[in-house]
Structure formats: C-alpha cells, structure tokens
There are 2 protein chains.
Amino acid sequence: MPDPRPTLEAVAAHAGVSRATVSRVVNGGAGVRSSLAEKVLRAVDELGYVPNQAARSLVTRRHDAVAVVIAEPETRVFTDPFFAQQLRGISKELTAQDSQLVLLLVEGKDDYARVGRYLAGGHVDGALVFSVHLDDELPDIIRGSALPTVFGGRPDRGGRRTPYVDCDNRGGAREAVRHLRSLGRERIAHIAGPLDQTSAVDRLDGYRDVLPEADPALVARGDFTPAGGERAMRELLAHNPDLDAVFAANDLTAAGALRVLHEHGRRVPEDVAVVGFDDMEPVAEQTNPPLTTVRQDIEEMGRLMARLLLRALERGGDQADSLDTAPASVITPTALVRRASA
Amino acid sequence: MPDPRPTLEAVAAHAGVSRATVSRVVNGGAGVRSSLAEKVLRAVDELGYVPNQAARSLVTRRHDAVAVVIAEPETRVFTDPFFAQQLRGISKELTAQDSQLVLLLVEGKDDYARVGRYLAGGHVDGALVFSVHLDDELPDIIRGSALPTVFGGRPDRGGRRTPYVDCDNRGGAREAVRHLRSLGRERIAHIAGPLDQTSAVDRLDGYRDVLPEADPALVARGDFTPAGGERAMRELLAHNPDLDAVFAANDLTAAGALRVLHEHGRRVPEDVAVVGFDDMEPVAEQTNPPLTTVRQDIEEMGRLMARLLLRALERGGDQADSLDTAPASVITPTALVRRASA
DNA sequence: ATGAAAGCGCTAACAC
DNA sequence: GTGTTAGCGCTTTCAT
C-alpha cells in the first residue's frame, strides 16, 4: 500500500518545479509566475496534496489553534446552554480565521497540572479560559504558561492583568431592580448566586446600588440552581411575608423561586413580581408565567473573546503581554426582556 | 531574549548524555540505567523542558488528538445539555488516554469542505462525529477522509460500515408506551420528532411495536422543540378529544404538550398521562407536573464513543477500517424514570 | 521569479 | 545500555 499522503516533494516533481515554488504557491502564491502557479495548483489537485501541519508548525512555530479551557463541568456549565452558546461564538470566530479549537475540560484540581503542561507545551497559540471561582489557582497556572490568554467572565475581584470579556452584570442587575421598582414594588428581595463567582457578586452589587437601604433580610443566598432558588425563596417568604418582588441571580434560580411562590399561593406577577438573569430561553420561556429576565448576548461574548485573542496573536507575535499590545477587556451590554413575570 | 524553550539537545548537553537517551527517558525511560535516567530527569526539570509536539508528530505520525465534529448547532444541540454531557464523557475518556479533543462545530453545508480538509489534513488520529440528518453528506465526506471514526447516534437507516454509539431509542420507546398501557390507558398518542433523524424514527417505531394497530390519527409530528410539541398537541386534541395518554419523542416536546394540556383543562396525569424521552433534568424536573421520561446515559455514551475510537486506533494502526479490526457499534440501555406525569 | 540547501526538534534504526 | 545518524515534511534565507 502506497503512502496515501503526497508530500511537497511529490507535488514539485509532478509539476516540474522545486519544492520552494510549491510551498510559495500553497501559501498564497505571492511572487510566482501565474503560469507556474497554475501548474502547481493542478498538481496539488491531481495528487490530492494536503500540507502536513506538524512539519509546518515545526518551522513556523505557529499552530493555528487555540485552547478553550472550561472548568467546573460539574455544575452550571453542563446544565445550561450558556457554555454551548459561548463555544459556538468562539468557534465561528476561530473558523473565520482558520484557527482550530482545542477543548480542555477541567474536571477538578487534579487536572490543573495537565492543563498547565498542555498550555506550556506549545500545542496552541493562545488560550480562552472560563474561570469561575474567586480563589481558584487555575488563572495563575495559566498565566504561568505565558500564553496569550483571554478570560471569559471577570477572573477575580482585583484582576487587572489579563483581558476578559464579561457582560455588564452589575448594570443588568440595576436595570432589573429598577424595573421592579418602576412597577411600584416596595419590598424587593434578591436571591444571590454563589458569591465565590464574580458574576454573582456583581449582580448583588447591582441590586444594592439601586436599593442601598434595603432590609438585609431581603437578600438570600442561592447557588444558581433551581433547588437553591426554592430554598432561598422559602427562607425569604418565612422572614418577609410581605415581599412583593424578587430579583433572582439567574433564570434557574428564578424557576425554583416561582415554584415555591405558587406553592404558597402567591400569584405572579400580581402578588409577587419576579425577574431573572441570563435569558436562557429553554428555561425562561418554559416557566409559569414566562420569565421577565435580563438578557446577555452569550454567543457574541464568545465571539469577542476569540477576536480579542486573535488580535493579540497577530500583533504580539512573541511578547504577547507587553502592556501596549495587550488587548483591553470588554464589557458587553445587557437588556431587559419583558415576559409575564414582572 | 533567549529562546524560552529548551530542546532535547539542550537537555542532553546539560545532562551529559546523547539526545537519544534523553528521548528514551522522556518517553517512558525503558532500557536506560536508572542513574542516567535520574540525571536526565533532573536536567529536564532544571531547564523546564517540554517536548515539542510538532517535531514529535512529524516523525511518529501520531497526534494524540481526536476531532469531535458536531453539526447543526442551530437547533437542539445548543438548547439542551445533551451535547455538553456527551462532550464531557468524551473528554474524560480522552484525557485518561492523554489524547486531546479538537472541537469542530459545523454551522452549515458551507463548512463541510473545511471539515473534510481538516480531517484529511492529518491533524488528528481519529474523529468522533455527531451526525443527525438522514440525507446528510457529512458522514460520506468524513468516511472519505479515511480517518478512523465513530458516530454518535445511528448515522442512517442502512449504515453498516461505521461504528456508532446510540441509546436504545426503540426499546426505550417501547418501555414508555408499555408503561402507559400498564396504567390502563387506551388511547395513547405519540408526538414524533423530526423524521429525518434516526432517533425520532426509532422512537416512532418503538411506539408502533407496542401499538401496531393504533389509530394513525394518534400520531402527530413534532420537531423536538416545545413549540412543536404545543402544535402537535393541539392537533392531537382536535382530532382525538378522547386521548388519555401521550408519549412525546423528547422532553422538550413533552413540555410543550403539557402546557397545551393545561390550557385545555386536562389534568395530568389523571386525564392524560404523559411520558417524555431523554430525561434532560433541567426540563423534566421543571415541568408541571414533573415529567416521567425515558432516561439515557448521555455521558456514558460519550465515553463509549471515545473508548471505541481509541481502541481502534491502538489496533488499527494504519488500516483502521479493515473489517476485523473495526470496533462494533454499541447500543446503550435506557431506563424509565417515574415522576408525576405518568 | 525560481531553485538549492539548511535546518525546525524529534524518534528510530542501527551500530557499538 | 548508549550514542550516531538519518530522516519526518515543511519554510526560508540565500544565490542565481
């Protein structure tokens, strides 16, 4: 059985030119007489030549591939489409730039070393990282790899160094609470998310921005899950039987809260108005009543992350984190989507 | 600025041995005196040596990477966690075998050529492919790349050639319908999925297996979405006001059907019992009442796909689809999960 | 504009 | 056991 993959050499022979010429043609064909170029192209076609990436990377030191690192698959990531949409945006942008997407799913701290090794191992040109927990070491490990990186979601409270893309969690939360207030609600509660995630913290901050004097008993802690939402809602109802509105840190939480509200005979939105966050459609449209919520354009965020990284790669070349070439972070806008719950 | 990445050569010099020895140590160290091996390891450590994959692939012709090809991101894939869970299973298995996951998201037919090129381009050792539509050319393109491949979901009605992993759609459907019958239901309807997907066809076949004489008017066509489920349910109700049970092709469809049932004042499960398929928890647990459904172990299916492929790679070496080395397909079992709707 | 030649960093015979 | 050596397939000066 003959080797199924012809080499540059074979194409050169077939076309009656040198390897160098074939290489030029294959890489855009700048500075090659068109008559020759044509001949080469024909040979490429006839032989079904496909360049060997490994050989190419060996000399160019580029891989046209970026890693996408996603941690904490145990939780939210795998029960809402957030992650999938984000990936889709990333994929679109990378594809447009002929870059490949290498997915690194991190199951736990045991995987950190592996990821660090991979990133340092020169397989990819850059990394897109979804960091979630505040005290996580992953961001540091990744920064240690010295690979150009863009984070998805604000990495931590102080983090200035690495660029990231996040939606305006705080502003979106403010909008949600203001909406509730504009509806005439006076006892507006908040079910927060897990406060080791910046998104949850920011949403809580947004709530407080609008209601700085709110009764602390009106804030309960959830965990971004429906079960957490139920628990928090029960607690809130117990301590604040008079509440007339709830801003939930995400849609899943709101769904749980809604169930408890029904259970307790509260009508939504008549007795209690509810607003969620995310606009994750399969949930927000399925709830009873359909959920008013704060939408973020997740796919666009993914696309932006990829764009930021690719731009850094183009420019940076070697020294990707020299300050002036470092791309700035991006905060994407949110929008209130009114359905029936508020 | 000095090159930040030391080579084998550098390590060899630093350790006072030959490149070959370093290479041996780095690749497991078989047949190297331990005293030397230690010295090498120390050198590796001190220099922070990381092997250059491109160089290695160039000679070994292995990449320790497999592509995961996912088509039709427009629809279902990105609104249910199915895909994420599958990926997670795949990732776990690949990671365990030190293989990387390269994700190829296919947005439309325009992308087919790109995918074909990539797969043929020798970037990866094999491919895991989620093919969904019956008349799709993607499977053929992929087979054309001559890359060892495992499909997720039965690729098409006749497909014998390529191994795949799928759940027992037909058997699961039978179980669902039998359960409904065991509840004493006599007018059992079915809302089918899009029949250009084998899973939808198989589930319909399962329904018919149990109810070969069922009134054809009891079968309506959905599309795996809640909206489709609503539409189909209305239609069914119009033609069969006496129906007392519905087997929906998936959970999303069931959620839509449930809403219409409520709208029409039918009590579930008293008047009409409902069973779904998939057990996608965020949906099945959120419906009112919580959905009885057929569960498939999605993560396990992903894991199996990867395992099958890796096994083929180990054995096959070059000729991966020689008949005797081809791994057989796997059908995974389903299980009825009883909640409140039936 | 084109070709010749020198590697990129690694593995795998093969010799010692 | 260990070192020597010959490439893997490609890009890229450097001549011409």
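Hydrogens, waters and symmetry mates play no part in the numbers below; they use all other heavy atoms, side chains included. Note on naming: letters A, B, ... go to the chains in the order of the sequence lines (proteins, then strands), and numbering restarts at 1 for each one. Bear in mind the structure is a predicted one, so any value in this text is a computation, not a measurement.
Counting only heavy atoms from C-beta outward, the side chains of A/F130 and A/M305 approach each other to under 4.5 Å.
Residues B/E314 and B/R311 are not paired through a salt bridge, judged by the lack of any N-O separation under 4.0 Å between the basic side chain and the carboxylate. Note on A/D111 versus A/K109: no salt bridge recorded, every NZ/NE/NH1/NH2 to OD/OE distance being 4.0 Å or above.
Distances shorter than 4.0 Å separate some side-chain N or O of B/R56 from OP1 or OP2 on C/dT11. Between D/dT2 and B/S18, no contact under 4.0 Å exists linking OP1 or OP2 to a side-chain N or O. In this model, the phosphate group of C/dC8 is not approached by any side-chain N or O of B/N52 to a distance below 4.0 Å at OP1 or OP2.
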- Checking salt bridge (charged side-chain N to carboxylate O under 4.0 Å, His left out) for the pair A/R303/A/E299: CA distance, chi angles, key distance, verdict? CA-CA 6 Å; A/R303 202 185 271 111; A/E299 186 176 322; 3.2 Å; yes
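Of all nucleotides listed (C/dA4, D/dT2, C/dG7), C/dG7 comes nearest to the side chain of A/V59.
The rotation axes computed at either terminus of the helix from C/dA1-D/dT16 to C/dC16-D/dG1 lie 30° apart, taking five pairs at each end and rounding to 10 degrees.
Both B/A55 and B/G31 lie near DNA chain D, and the one whose nearest nucleotide falls closer to the 5' end is B/G31.
Atom CD of B/E9 is separated from atom C1' of C/dC8 by 12 Å (rounded to the nearest Å). Atom CG in A/L8 sits about 9 Å away from atom C1' in D/dT11, given to the nearest Å.
Contact annotation: side chain of B/R19 to base of C/dT11, donor-acceptor pair present below 3.5 Å. For A/R24 against D/dT11, a side-chain-to-base donor-acceptor contact under 3.5 Å is absent.
Nearest heavy atoms, B/Y49 versus B/P6: CD1-O, 3.2 Å.
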